Amino acid sequence: MKYISTRGGMNAQAFSDILLGGLAPDGGLSIPEQYPQLSQADLESMATLNYRDLAFAVISRFVDDIPSDDLKALIDKTYTAEVYCNGRSKNQADHITPLIKLDASLYIQELSNGPTLAFKDMAMQLLGNLFEYVLDKKGEQINIVGATSGDTGSAAEYAMRGKRGVNVFMLSPFGKMSPFQRAQMFSLQDENIFNLSVHGFFDACQDIVKNINKDAEFKAQYKIGAVNSINWGRIVAQVVYYFKGYFATILATGKKVGDKVDYCVPSGNFGNICAGHIARQMGLPIGQLVVATNENDVLDEFFKTGGYHPRDVANTFETTSPSMDISKASNLERFVFDLIGRDSARLAALWTEVESGGGFDLSPAELALMQDSYGFKSSASNHSDRIAHIREVFEKYGVQIDPHTADGFKAAKAHRNLAVPMLIMETALPAKFEDTMLEALKQAPFRPKGLAGLEALPQRFDAIDADANLVKHYIVEHLA
Ligand SMILES: *Cc1c(COP(=O)(O)O)cnc(C)c1O
């Protein structure tokens, strides 16, 4: 299995070579030369595997430069009941991504049982172990510099804490995160984790990271890297839970391997649902892939009209499902590459438009292909929908869902076909979004046992002015 760039300008590379990188040298995204294909017999043999064995069966098909025994060991130490515990008993927790039944054909797949209570832990925890392994083999080091407004930064820190060869410098806006998010990140005491609390908004943090990445000399000298949502290792790790959810749904609804299951995915950067698309391309019998957005509905517009017109920061709203406040879905490029028949010249032309501040429109035939053959549907949500759906799910089913998953619930209801089971991907636990949960349910959300006193733990961070040179100086000083 070798990897190429969506824009056609990269020689085929091995998994370990693209793992640590961000964009391909031509500005595109890395993608397998072709997707592994699974037969009905393959699928049947996977149906009863536990999470770890299933993860190996899927991921090993994408990796051919890490010996099988080593890859298996990395996967086995990642997907354990201890890591994905969420205060449960070991037995329950060992399912890693269990289902919650809402009704006979509507289920939620739990993806937020990892240490930071969001689905990003599903991939990021494996990435931490893969990074350590690959850096060790290459005798290299990496200094991850990132900006976060909450979920990504904490998932990255919990994945990389204590890992050999890795330091993390995470920039967050001073005083802008929720008390829970702040405590989650700043209570880490590991020596390789640096929290920089920047006097400014999230955009200022992101600008500093961009600025540092533009300084090629600094980047090379100090081995600056990233773990953002375009990272291929994250996508491939996410493919696994589409398989796990499929087999669990088949079992729960008395269907057979080969019958279709629909999925609904709260989306922002299109990383989560891109993994669903790849699972389908491998042969997993996925019916619809329903994209759920919030008020930032660029993707809803795209899947309804075929027009992709990303918006700038000034036209991106702050909402109560903040992890989906994204108006440029970086991983969409991977899906469109497949949709247009892997024509990298055309793909490059479309994204040249996007990168110069414009967008593009698919042909009517491509729009039909996307909706019918690829099964993409979409729906957008707003604050009052969110509140109403959190309430509805609690009153009808006794289940607390977080604001992002509530956006998913709305989209799932809009597109469900009662003859086909629908699986809603849970992307975070309600405990992370206490204010919105209080507004909807008039009670504080459930919080996993181990996190009871989180806000009272000692916090470790450095405040810094929004100035890229100060941040560079900080990095250099703390590496010495
Ligand atoms: C990151 C995130 C999303 C969006 O996922 P993408 O892969 O960017 O589409 C949705 N919900 C939550 C809670 C998240 O943290």
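Keep in mind that what you see is a predicted model, and the values were worked out from it rather than measured. Counting starts at 1 for both ligands and their atoms, in listed order.
Contacts with ligand 1 closer than 4.0 Å are made by side-chain heavy atoms of Asp151 only, the backbone lying farther away.
Classification of Lys432 and Asp151 as a salt-bridged pair holds, one side-chain N sitting under 4.0 Å from a carboxylate O. A salt bridge is defined here as a Lys NZ or Arg NE, NH1 or NH2 lying under 4.0 Å from an Asp or Glu carboxylate O, and Lys377 with Asp372 fails to meet this definition. Salt-bridge check for Arg386 with Asp407: passed, with a basic side-chain N closer than 4.0 Å to an acidic carboxylate O.
In terms of protein heavy-atom proximity, atom 7 (O) of ligand 1 is nearest to Asn272 N, 2.9 Å. Nearest protein neighbour of atom 4 (C) of ligand 1, counting heavy atoms only, is Gly268 N, 3.5 Å. With hydrogens left out, the protein atom closest to atom 2 (C) of ligand 1 is Lys120 NZ, 2.5 Å, a heavy atom. The shortest contact between atom 11 (N) of ligand 1 and any protein heavy atom is with Thr427 OG1, 2.9 Å.
Remark: Arg182 is not positioned above the aromatic ring of Phe180, lacking an NZ or CZ atom under 6.0 angstrom from the ring centre and at most 45 degrees off the axis.
The Met324 neighbourhood of ligand 1 comprises atoms 10 (C), with distances under 4.0 Å to a heavy atom of that residue. Set against the non-hydrogen atoms of Gly271, the atoms of ligand 1 under 4.0 Å away are 6 (P), 7 (O), 9 (O). Ligand-side atoms of ligand 1 in range of Asn269: 6 (P), 8 (O), 9 (O), range being under 4.0 angstrom from any heavy atom. Ligand 1 places these atoms under 4.0 Å from at least one heavy atom of Phe119: 1 (C), 2 (C), 3 (C), 5 (O), 7 (O), 14 (C). Atoms of ligand 1 found under 4.0 Å from any heavy atom of Ala428, numbered from 1 in the order shown, are 13 (C).
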Candidate pair Lys163 and Asn129, rule side chain to side chain donor-acceptor pair (under 3.5 Å), full reasoning = CA-CA 8 Å; Lys163 295 280 184 268; Asn129 288 324; 3.3 Å; yes

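Note on ligand 1: Ser229 sits outside its first shell, no heavy atom being nearer than 4.0 Å.
Not a single donor-acceptor pair under 3.5 Å links the side chain of Asp190 to the backbone N or O of Arg161.
Counted by atom type alone, Glu353 and His309 present zero donor-acceptor pairs between their side chains at under 3.5 Å.
A distance below 6.0 Å separates the ring centres of His404 and Phe433.
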